[in-house]
Structure formats: structure tokens, C-alpha cells
S.K.: 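Dropping a structure here in C-alpha cells format, bear with me for questions.
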Amino acid sequence: MDANQPKQEHLLALKVMRLTKPTLFTNIPVTCEERDLPGDLFNNLMKDDPSTVKGAEIIMLGEMLTLPQNFGNIFLGETFSSYISVHNDSNQVVKDIQVKADLQTSSQRLNLSASTAVVAELKPDSCIDDVIHHEVKEIGTHILVCAVSYTTQAGEKMYFRKFFKFQVLKPLDVKTKFYNAETDEVFLEAQIQNITTSPMFMEKVSLEPSMMYNVSELNTVYKDSDRSSTFGTKTYLQPLDTRQYLYCLKPKPEFAEKAGIIKGVTVIGKLDIVWKTNLGEKGRLQTSQLQRMAPGYGDVRLSIETIPDTVNLEEPFEIMCKITNCSSERTMDLILEMCNTNAIHWCGVSGRQLGKLHPSSSLHLTLTLLSSVQGLQSVSGLRLTDTFLKRTYEYDDIAQVCVVSSKFPAES
């Protein structure tokens, strides 16, 4: 921490100290075997050392606490606390004392003083104390500006300032990936890396969805009536370790059928991350609104609602499709055509009329097909034609199904 010393002798002295929790005292154990020359000398010395743990003297971690020896690191999301003391070093009574503390960041200047009231007088060897707190929300250079004004016995008005510069570092590296499912579901993967030099206890990592979505977190395993974290019982994140969190977002019922609205939604929500370090020092970060690339469904969307995982070779099976008019203005008159592929053969009438489909509305359709080739097969070959615009929409690789020999019946 850098301080600019005043050029003029003042009657008051300003002291600023960062408030942070102590750390556990550590020592380096020195021991040897009994047959060595020192014998039990080292062991007895460690037993007499008041900083060691009785019965476990060879452990580096002791029972005592160590006060901070330097300013230390400040990370984004933590609370910066500082103790400010103005002491009257003179033998005079000083009047009209005012202490003000401001924090200058790259974008703003914040007043941190709990009170800016003027103190009527300060006697010799007396002091004015204040503790300031601020939740750090910006990275980069911060300057704590402490200003003191007072009046001497002779009526002279005095004023001085001190500047304390420190850097705010980034504690976490957060990366996100979006996966758009065949339905309107959206999966979010959040990769969180600890880029500090000390372990973190991850107290909470949650996703606050936007108004159109409900969220389900997929980081918990349920077994009978018990629930456990996928990360195990230890929720510590070691330095440079990365952890992946997964969430599933589903449109709320009132928006689920409004395909045109859901199609254009890019804002998903924001992550809320809470952690603790050392002796319980708390930090919290909220990301900005996460945005995805809106999927390009076009005017008509075809999705699979239900399909079996495994089917028998050359035996018909059914799938249920959902056809949605994603246009918000135009009614469509649709014709369904089914084109066979090398492996997939459709059962039914191709070229049938599906009727008119109004804007942002959907219809469900059950189709029958069979496969003539074993293995993992892609469902392809559906065509929708809008008779009004004479436009055809092609749907291939819309789903996959595992085809097995009839000698080995497919599991239901």
C-alpha cells in the first residue's frame, strides 16, 4: 500500500489498516529417529513449543493465529474492510475535525464514510476511529482517499489527504456453453476455475433464470430419499482446479406454446456464485446476463416428442412429432411427404394434407416407420410443404434409434 506523506507538519496523524482475518500459524517440524545423535532433543523441543498441537507436534499447522503481515490480495466479490484512525499527536485541543474516506475506481468515486459529521473537538492523545466496508465489484486499480480537515487553536484551517493504492484481482474464471435440445429445453454448462492461490469452499452456485424459463440444476444425485452432490462430500475447489455445473432450462407453461417468442429469446439468466476462503471470509459474484445464440428454426419447426430407444429389425414402431408454426403473422397450409432412405422406411400415406396451422400454434402427429438395417439409425426423410408460398422444408437426422435383430427383442 503506497501512501503520500504530507509536506507540512500537522497536529493530527492518520493511520489506515486493512481489516482481514488472521491465518493459522505454521511451523516447520524438525525431527529425527531415537538412534540418531540428537536423540529425543528435537522431539522434546517441539513438545515444549507453545505453537504446536499437543499430541501431533510434527504437523505443520499450529494452534495459534497469525495477524496479517502485509496488505494481502483483494479479490472481486469480496468485502474490503479498513480501520481508519485519526490521532491528536499534539498538546493542543483541535476543533472542527472532519474525516472523509472515498474509494476511487476506474469508473466511479464512492463515499465509504459511515458519517461525515464534524467532531467539535479532539483533545491531546485522543483519537477518532472509523471502520469502513465495501463490496468490491470492479477489478483493476482502486485508490482509497482519506481526507482530514480541522481547525487549530489559533483558528487556522488545516487540511491533508493520504492516498492508498491497491489492485483488485479476479478470483474465478467462468466459461459457459449452451446446448439447444430438440425440444425447447436449453442446457447450460458452467465451467468455474479457481485462479487464486488458496482453496475455496463453494457454498453456492446457482442459476437465476430469466422470466420466461424455469431452471432445474443437474448437480445432485437422488437415491431413494437421500440426495448427494455430484462432486462428493467435499465442496472445496483447489487452486487452478475447474468444476463443471449443469443446468436445464425449460420454458414456462405460458410461453411454451408461443414458439415465435421462445425462438427469439437469447437472454437465459445469470449465475450467482458464493464461496468462502481461509477462516470463513465470504465472496460473491454475479455474472452479467448470459446470452445464447438463438436457434434457427425457420418458419416451421419439427421436433420429436416421443421415440423408442431400441426397436426390432423390420418391425414397425411409432414416433410422435410436434409441428410448430414459428411465424407470428402467417397461417400455413401444410402437406406432409415421407421419403424412404436406405435404412428407414415410412408406413402410411405420403403427401397427405395436415390442414391449416395458425401462427405460433402446434399440432401433434403420430407416424409409423420401420428399419431394414441394424445399428444406430438416423430418422430422416420428412418433408413439409407450405402450399401458400410453395415452399418445402426438409427434415433429416431429426432423431436416432438403435435397431437390433428380432432374435434379441428390444427392451421396453
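For the numbers below, each heavy atom of this structure counts, side chains included, while hydrogens, waters and symmetry mates do not. This structure is a prediction, so every number in the text was calculated from the model and none was measured.
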S.K.: Ignoring hydrogens and angles, tell me if any N or O in the side chain of Lys252 forms a donor-acceptor pair with the backbone of Met211 under 3.5 Å.
M.R.: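 At least one qualifying donor-acceptor pair exists.
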S.K.: What's the separation between atom CG in Asn325 and atom OG1 in Thr331, rounded to the nearest 0.5 Å?
M.R.: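 Between Asn325 CG and Thr331 OG1, I get 7.0 Å after rounding to 0.5 Å.
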S.K.: Dump the intermediate steps for side-chain hydrogen bond (donor to acceptor under 3.5 Å, both in side chains) on Ser107 and Glu138, then the final yes or no.
M.R.: CA-CA 9 Å; Ser107 63; Glu138 296 182 42; 2.7 Å; yes
S.K.: Check Leu12 against Asn88 and note the closest heavy-atom contact, atom names and distance.
M.R.: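 Looking at all heavy atoms of both residues, the closest pair is CD2-CA, 3.7 Å.
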S.K.: Hey, mind stepping through Asn219 and Thr230 against side-chain hydrogen bond (donor to acceptor under 3.5 Å, both in side chains) and telling me if it holds?
M.R.: CA-CA 5 Å; Asn219 309 301; Thr230 55; 4.7 Å; no
S.K.: Would you say Gln238 and Asp241 are linked by a side-chain donor-acceptor pair, where the criterion is simply a distance under 3.5 Å?
M.R.: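 There is no such pair (donor and acceptor under 3.5 Å, judged by atom type) between the side chains of Asp241 and Gln238.
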S.K.: Establish, for the pair Arg243 and Phe231, whether the NZ or CZ atom is under 6.0 angstrom from the six-membered ring centre and no further than 45 degrees off its axis.
M.R.: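 Cation-pi check for Arg243 and Phe231: passes.
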S.K.: Return the minimal non-hydrogen interatomic distance between Asp130 and Ser113, and the atom names on each side.
M.R.: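 Taking Asp130 first and Ser113 second, the nearest heavy atoms are OD2-CA, 4.2 Å.
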S.K.: As a quick check of understanding, evaluate side-chain hydrogen bond (donor to acceptor under 3.5 Å, both in side chains) for Glu189 and Thr176, giving each step before the final call.
M.R.: CA-CA 6 Å; Glu189 178 190 347; Thr176 57; over 6 Å; no
S.K.: Please step through salt bridge (charged side-chain N to carboxylate O under 4.0 Å, His left out) for the pair Arg330 and Asp386, ending with a clear verdict.
M.R.: CA-CA 11 Å; Arg330 188 169 59 85; Asp386 182 7; 2.5 Å; yes
S.K.: Could you tell me if the side chain of Lys177 sits less than 4.5 Å from the side chain of Leu188, heavy atoms only?
M.R.: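 Of all side-chain heavy-atom pairs linking Lys177 with Leu188, none is under 4.5 Å.
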S.K.: Does any non-hydrogen side-chain atom of Lys165 lie less than 4.5 Å from one of His142?
M.R.: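 The answer is no, as the side chains (C-beta and beyond) never meet within the 4.5 Å cut-off.
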S.K.: As a quick check of understanding, evaluate ring-ring contact (aromatic ring centres under 6.0 Å, His included) for Phe166 and Phe80, giving each step before the final call.
M.R.: CA-CA 11 Å; Phe166 59 92; Phe80 168 69; 4.9 Å; yes
S.K.: For a side-chain contact (heavy atoms from CB on, under 4.5 Å) check, start with the C-alpha distance between Phe201 and Thr277, then their side-chain angles and the critical distance, and finish with the verdict.
M.R.: CA-CA 6 Å; Phe201 172 77; Thr277 59; over 6 Å; no
S.K.: Closest approach of Ser378 and Ile344, non-hydrogen atoms and distance?
M.R.: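 Nearest heavy atoms, Ser378 then Ile344: O-CG1, 3.4 Å.
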S.K.: Could you go through Gln167 and Ile74, starting from their C-alpha distance and side-chain angles, then the distance that decides it, and tell me whether this counts as side-chain contact (heavy atoms from CB on, under 4.5 Å)?
M.R.: CA-CA 7 Å; Gln167 295 288 330; Ile74 297 181; over 6 Å; no
S.K.: Let me confirm one number: the NZ-OG1 distance from Lys170 to Thr196, rounded to the nearest 0.5 Å.
M.R.: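 If we round to the nearest 0.5 Å, Lys170:NZ and Thr196:OG1 are 13.0 Å apart.
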S.K.: Using a strict threshold of under 4.0 Å (side-chain N to carboxylate O), is an ion pair present between Asp396 and Arg383?
M.R.: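 Salt bridge between Arg383 and Asp396, a charged N being under 4.0 Å from a carboxylate O: yes.
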S.K.: Using 30° and 60° as the class limits, which term best fits the ring planes of His10 and Phe160: parallel, tilted or perpendicular?
M.R.: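 Plane angle between 30° and 60°, so tilted.
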S.K.: Could you tell me if the side chain of Pro171 sits less than 4.5 Å from the side chain of Met200, heavy atoms only?
M.R.: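 When only atoms from C-beta onward are counted, Pro171 and Met200 do touch, with a gap below 4.5 Å.
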S.K.: Check the side chains of Asp129 and Tyr83 for a donor-acceptor pair under 3.5 angstrom, ignoring hydrogens and angles.
M.R.: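 Indeed, the side chains of Tyr83 and Asp129 share at least one donor-acceptor pair under 3.5 Å.
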S.K.: Could you go through Val16 and Cys146, starting from their C-alpha distance and side-chain angles, then the distance that decides it, and tell me whether this counts as side-chain contact (heavy atoms from CB on, under 4.5 Å)?
M.R.: CA-CA 9 Å; Val16 177; Cys146 298; 3.9 Å; yes
S.K.: Are any of the side-chain heavy atoms of Trp346 and Asn340 separated by less than 4.5 Å?
M.R.: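 A side-chain contact exists here, since the closest heavy-atom pair is under 4.5 Å.
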S.K.: Identify the two heavy atoms, one from Asp272 and one from Lys204, that lie closest to each other, and give their separation to 0.1 Å.
M.R.: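 In this case the closest contact between Asp272 and Lys204 is OD2-NZ, 3.1 Å.
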S.K.: Would you sort out whether Leu384 and Met332 count as a side-chain contact (heavy atoms from CB on, under 4.5 Å), showing the intermediate values?
M.R.: CA-CA 11 Å; Leu384 288 172; Met332 297 182 178; over 6 Å; no
S.K.: So, does Thr220 use its side chain to make a donor-acceptor pair with the main chain of Ser229 at under 3.5 Å?
M.R.: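 Side chain of Thr220 to backbone of Ser229: no pair is present.
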S.K.: Does some side-chain heavy atom of Ser372 sit less than 4.5 Å from a side-chain heavy atom of His345?
M.R.: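 Side-chain contact under 4.5 Å: yes.
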S.K.: Nearest 0.5 Å, please: how far is CG in Leu285 from NZ in Lys270?
M.R.: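 Lys270 atom NZ to Leu285 atom CG measures 12.5 Å (nearest 0.5 Å).
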S.K.: Answer yes or no: are there more than 12 heavy-atom neighbours, outside Glu329 itself, under 6.0 Å from its atom CD?
M.R.: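 It does not: Glu329 CD has 12 such atoms or fewer within range.
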S.K.: Is a salt bridge present between Glu185 and Lys250, judged by a nitrogen-to-oxygen distance below 4.0 Å?
M.R.: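 A salt bridge links Glu185 with Lys250.
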S.K.: As an exercise, state the distance from OG1 of Thr392 to CD of Glu394, rounded to the nearest 0.5 Å.
M.R.: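 Reported to 0.5 Å precision, the distance equals 7.5 Å.
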S.K.: So, applying side chain to side chain contact (heavy atoms under 4.5 Å, CB included) with Leu354, which one of Asp333, Ile335, Thr385, Ile323 is it?
M.R.: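 Per the side chain to side chain contact (heavy atoms under 4.5 Å, CB included) rule, the option paired with Leu354 is Ile323, out of Asp333, Ile335, Thr385, Ile323.
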S.K.: Are any non-hydrogen side-chain atoms of Leu302 and Lys322 less than 4.5 angstrom apart?
M.R.: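 They are not in side-chain contact.
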S.K.: Identify whether the distance between the nearest side-chain nitrogen and carboxylate oxygen of Lys276 and Glu203 falls below 4.0 Å.
M.R.: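 Counted as a salt bridge, because a side-chain N and a carboxylate O are separated by less than 4.0 Å.
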S.K.: For Ile319, run the side chain to side chain contact (heavy atoms under 4.5 Å, CB included) check against Thr368, Val401, Leu369 and tell me which one passes.
M.R.: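 In the set Thr368, Val401, Leu369, the residue that makes a side chain to side chain contact (heavy atoms under 4.5 Å, CB included) with Ile319 is Leu369.
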S.K.: Taking the side chain as every heavy atom from C-beta outward, state whether Ile307 and Val379 have any pair of such atoms under 4.5 Å apart.
M.R.: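 Yes; the side chains approach each other to less than 4.5 Å.
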S.K.: Does the pair His134 and Thr79 meet the rule for a side-chain hydrogen bond (donor to acceptor under 3.5 Å, both in side chains), with working shown?
M.R.: CA-CA 5 Å; His134 174 66; Thr79 299; over 6 Å; no
S.K.: Identify the two heavy atoms, one from Leu313 and one from Val403, that lie closest to each other, and give their separation to 0.1 Å.
M.R.: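 The answer is CA-CG1, 3.7 Å.
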S.K.: For the CZ atom on Phe388, are there more than 12 heavy atoms of other groups (residues, nucleotides or ligands in this structure) within a distance under 6.0 Å?
M.R.: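 Yes, CZ of Phe388 has more than 12 neighbouring heavy atoms, counting only those of other groups under 6.0 Å.
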S.K.: Identify the heavy atoms of Ala343 and Gln377 that sit nearest to each other, and give their distance.
M.R.: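 Here Ala343 and Gln377 meet closest at CB-OE1, 3.3 Å.
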S.K.: Quick one: are Gln244 and Thr242 in side-chain contact, heavy atoms under 4.5 Å?
M.R.: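 Sidechains of Thr242 and Gln244: in contact.
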